[in-house]
Amino acid sequence: QVQLVESGGGLVQVGGSLRLSCAASARTFSNYAMGWFRQALGKERDFVAGINRSGTSTYYTDSVKGRFTISRDNAKKMVYLQMNSLKPEDTALYYCAAKLTYSGTTYTSNYDYWGQGTQVTVSS
């Protein structure tokens with residue numbers, strides 16, 4: 001069982017930045033690919049960014065490319081999402097997710113564990 005706890009959300013103005021963090025309880029964190037998802041009010045949960053086990057490969061949904069950066073620190077069992085140039089449409093509940101894998105790829109779906117989410121609100 002893996003527990004994930006997100007933090008770092010908040011209220012920010014258009015064009016501002018936030019850094020989300022996710023702390024994992026996994027015994028061997030490096031066995032998990034990690035991802036960030038978001039769910040806006042009344043909408044489905046969507047993939048935002050993914051990173052492979054070693055942190056050498058990342059993948060982003062088109063709407064955040066060039067603005068968001070996912071990273072991880074396996075020694076600290078942490079994953080991060082740096083969000084720059086925020087837009088009102090980035091407003092959502094952001095979730096951290098983990099997928100047990102022995103592959104070196106990133107994943108956009110089929111994650112095994114989820115956090116409770118952290119709210120990001122971008123005001124215009």
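Note that the structure is predicted; figures quoted are calculated from it, not measured.
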Pair Lys87 + Asp90: basic N to acidic O under 4.0 Å: no
Donor-acceptor contact present, side-chain Thr121 to main-chain Thr91, <3.5 Å: no
Short side-chain to backbone donor-acceptor contact, Asp46 and Ala40, under 3.5 Å: no
Co-members of Met78 in a cluster of I, L, V, M, F, W and Y side chains, linked at under 4.5 Å: Tyr80
Same cluster (ILVMFWY, side-chain, under 4.5 Å), Tyr107 and Tyr32: no
Shortest non-hydrogen contact between Ala49 and Leu81, atoms and distance: CB-CD1, 4.1 Å
Heavy-atom pair with the smallest gap, counting every atom of Ala33 and Tyr111: O-CE2, 3.8 Å
Output field: ring centroids Phe68/Trp36 closer than 6.0 Å: no
Over all atoms of both residues, closest heavy-atom pair of Tyr113 and Leu4: O-CD1, 3.6 Å
Within 6.0 angstrom of Tyr59 OH, more than 12 heavy atoms from elsewhere: no
Please tabulate, one pair per line, all N/O donor-acceptor pairs under 3.5 Å involving side-chain atoms of residues 8-26, not counting sequence neighbours.
| from | atom 1 | to | atom 2 | distance (Å) |
| --- | --- | --- | --- | --- |
| Ser17 | OG | Asn84 | OD1 | 2.9 |
| Ser25 | OG | Gln3 | N | 2.7 |
| Ser25 | OG | Gln3 | O | 3.4 |

Sidechain-backbone polar pair: Asn31 side chain, Leu100 backbone, donor-acceptor under 3.5 Å: no
Side-chain donor/acceptor of Arg67 to backbone N/O of Ser85, under 3.5 Å: yes
Salt bridge (charged side-chain N to carboxylate O under 4.0 Å, His left out) partners for Lys43, two or more places apart: none
Partner of Tyr94 under side chain to side chain donor-acceptor pair (under 3.5 Å), chosen from Arg38, Gln119, Gln39: Arg38
Arg45 side chain vs Leu93 backbone, donor-acceptor pair below 3.5 Å: no
Glu89 CD: over 12 foreign heavy atoms closer than 6.0 Å: yes
Whether Arg53 side chain and Ser30 backbone form a donor-acceptor pair below 3.5 Å: yes
Donor-acceptor contact below 3.5 Å, side chain Glu6 vs main chain Cys96: yes
